[in-house]
Amino acid sequence: LLVRLKATNPEYASLLSGETLTVAAVQARLDKETTLISYFVTEEATFVWVIDQTKVTPFRLALKRDALANSIEVAREKIISRSSAEASLGALYHELIAPLESALTRPNLLIAPHGQLHYLPFAALYNESTHQYLLETHPISYLPTASTLRYLPAKANPYEGRLLALGNPDGSLAEAAAEAATIAALFQ
């Protein structure tokens, strides 16, 4: 089945089979303005690789899977209930982004989350020192994994300046669909 899937849909097959790119291949696919942040969460720690065209900087964060899942759930609940989420999002910024800041030398961030991090709105992480959200200091894009970089050139958007806006993926964000519609209206 996997052989047939590789022949008919190699992009999807690579996600299932765990085919990875080498670091050099990842670096070759990044532009000079972009830094890739790739996370890997384990029971005992969170590992991060910050990669740009010229260097790879590894980090080991003392953030365990269960604690991270709990922190993300608390932040999401605060966002959903429209209570102040800045403290929760600030704590997550402090744990997930602040330790990497010295390696974030490019303006654009490409984030490859892992596990529960897929449910975290990185753009909303709050730097309590500067009183800015991550999105205010860095344009952010996401990848399911760093290895999917190999498919991006083929996915170049022929509709430059157009937008596909999606909202409310699991029904838990009451205003997400309205936000997506409002953003979509800005792009006609």
Side-chain angles (χ1 to χ4, degrees), residues 11 14-15 18-42 44-65 67-69 71-72 75-76 79 85-86 88-157 159-166 169 183:
E11 184 175 346
S14 76
L15 293 174
E19 293 177 18
T20 59
L21 290 177
T22 64
V23 170
V26 168
Q27 288 178 303
R29 287 168 170 81
L30 294 174
D31 64 53
K32 64 182 179 180
E33 299 295 316
T34 302
T35 298
L36 170 67
I37 304 173
S38 183
Y39 290 91
F40 186 76
V41 181
T42 71
E44 297 302 317
T46 298
F47 297 92
V48 188
W49 293 268
V50 178
I51 305 169
D52 63 30
Q53 283 185 335
T54 61
K55 66 184 178 306
V56 177
T57 310
F59 293 88
R60 184 182 194 276
L61 308 178
L63 188 56
K64 297 178 180 183
R65 179 182 293 141
L68 176 60
S71 294
I72 291 170
R76 285 175 52 91
I79 292 168
E86 286 179 349
S88 296
L89 294 168
L92 284 163
Y93 181 98
H94 180 74
E95 293 173 323
L96 294 168
I97 301 296
L100 320 176
E101 285 177 339
S102 64
L104 303 180
T105 58
R106 314 298 170 136
N108 302 325
L109 299 182
L110 185 57
I111 298 174
H114 178 251
Q116 197 68 15
L117 287 172
H118 284 281
Y119 298 101
L120 177 65
F122 279 85
L125 295 182
Y126 187 70
N127 184 337
E128 293 175 308
S129 300
T130 64
H131 304 287
Q132 292 180 300
Y133 293 96
L134 186 58
L135 185 61
E136 293 179 282
T137 58
H138 297 282
I140 299 172
S141 300
Y142 296 92
L143 288 174
T145 69
S147 291
T148 57
L149 274 170
R150 77 179 86 203
Y151 300 108
L152 292 185
K155 303 287 184 188
N157 186 355
Y159 303 105
E160 185 81 23
R162 295 189 61 194
L163 171 76
L164 170 64
L166 305 172
I183 292 167

Visitor: Say you draw a straight line from CG of N108 to CG of L36; how long is it, rounded to the nearest 0.5 Å?
Guide: 12.0 Å
Visitor: Evaluate whether atom OH of Y119 has more than 12 neighbouring non-hydrogen atoms of other residues, nucleotides or ligands under 6.0 angstrom away.
Guide: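 12 or below, so no.
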Visitor: For the residue pair E86 and Y133, confirm or rule out a side-chain donor-acceptor distance under 3.5 Å.
Guide: yes
Visitor: Consider side chain to side chain contact (heavy atoms under 4.5 Å, CB included). Of I97, T34, L134, which one does L109 pass it with?
Guide: L134
Visitor: Please name the pair of heavy atoms, one in S38 and one in A146, separated by the smallest distance, quoted to 0.1 Å.
Guide: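 Closest pair (atom of S38, atom of A146, distance): OG-CB, 4.5 Å.
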Visitor: For the CD1 atom of I51 and the CD1 atom of I37, what is their distance to the nearest 0.5 Å?
Guide: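 Answer for the CD1-CD1 pair, I51 versus I37, is 10.5 Å.
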Visitor: Does L89 reach the side chain of I79, with side-chain heavy atoms less than 4.5 Å apart?
Guide: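 SC-SC contact between L89 and I79 confirmed.
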Visitor: Where the side chain of H138 meets the backbone of P107, is there a donor-acceptor pair that is under 3.5 Å apart?
Guide: yes
Visitor: Could you walk me through whether L143 and I111 satisfy the side-chain contact (heavy atoms from CB on, under 4.5 Å) test, starting with their C-alpha distance in whole Å, then the side-chain angles of each, then the deciding distance to 0.1 Å, before giving a yes or no?
Guide: CA-CA 6 Å; L143 288 174; I111 298 174; over 6 Å; no
Visitor: Side chains of W49 and F59, heavy atoms from C-beta outward: is any pair under 4.5 Å?
Guide: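 Side chain of W49 against side chain of F59, heavy atoms only: no contact under 4.5 Å found.
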Visitor: Just one of R60, K64, R65 clears the salt bridge (charged side-chain N to carboxylate O under 4.0 Å, His left out) bar with E44, so which one?
Guide: K64
Visitor: Do you know which of E101, H94, E136 makes side chain to side chain contact (heavy atoms under 4.5 Å, CB included) with N127?
Guide: E101
Visitor: Side chains of L149 and L30: closer than 4.5 Å at any heavy-atom pair?
Guide: yes
Visitor: Is any side-chain heavy atom of D52 closer than 4.5 Å to a side-chain heavy atom of T105?
Guide: yes
Visitor: Do you see a donor-acceptor pair shorter than 3.5 Å between the side chains of Y126 and H131?
Guide: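 Short answer, yes.
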Visitor: Applying side-chain contact (heavy atoms from CB on, under 4.5 Å) to L120 and L68, what does each step give before you reach the verdict?
Guide: CA-CA 10 Å; L120 177 65; L68 176 60; 5.7 Å; no
Visitor: Can you check whether Y142 reaches L110 side chain to side chain, under 4.5 Å on heavy atoms?
Guide: no
Visitor: Is it true that Y39 and H114 have ring centroids separated by less than 6.0 Å?
Guide: no
Visitor: So do the side chains of T22 and V26 get within less than 4.5 Å of each other, counting heavy atoms only?
Guide: no
Visitor: So which heavy atom on P99 is nearest to which on L96, and how close?
Guide: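 Answer, listing the atom of P99 first, then L96: CD-C, 4.2 Å.
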Visitor: Would you say that V23 contacts Q27 through its side chain, given a criterion of any heavy-atom pair below 4.5 Å between the two side chains?
Guide: yes
Visitor: Looking at side-chain heavy atoms only, is the closest gap between F47 and L61 below 4.5 Å?
Guide: no
Visitor: Do the side chain of S71 and the main chain of A67 share a donor and acceptor less than 3.5 angstrom apart?
Guide: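 Yes; at least one donor-acceptor contact below 3.5 Å.
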Visitor: Rounded to the nearest 0.5 Å, how far does CD of E128 lie from OG1 of T130?
Guide: 10.0 Å
Visitor: Salt bridge or not for E33 and R106, using N-O below 4.0 Å?
Guide: no
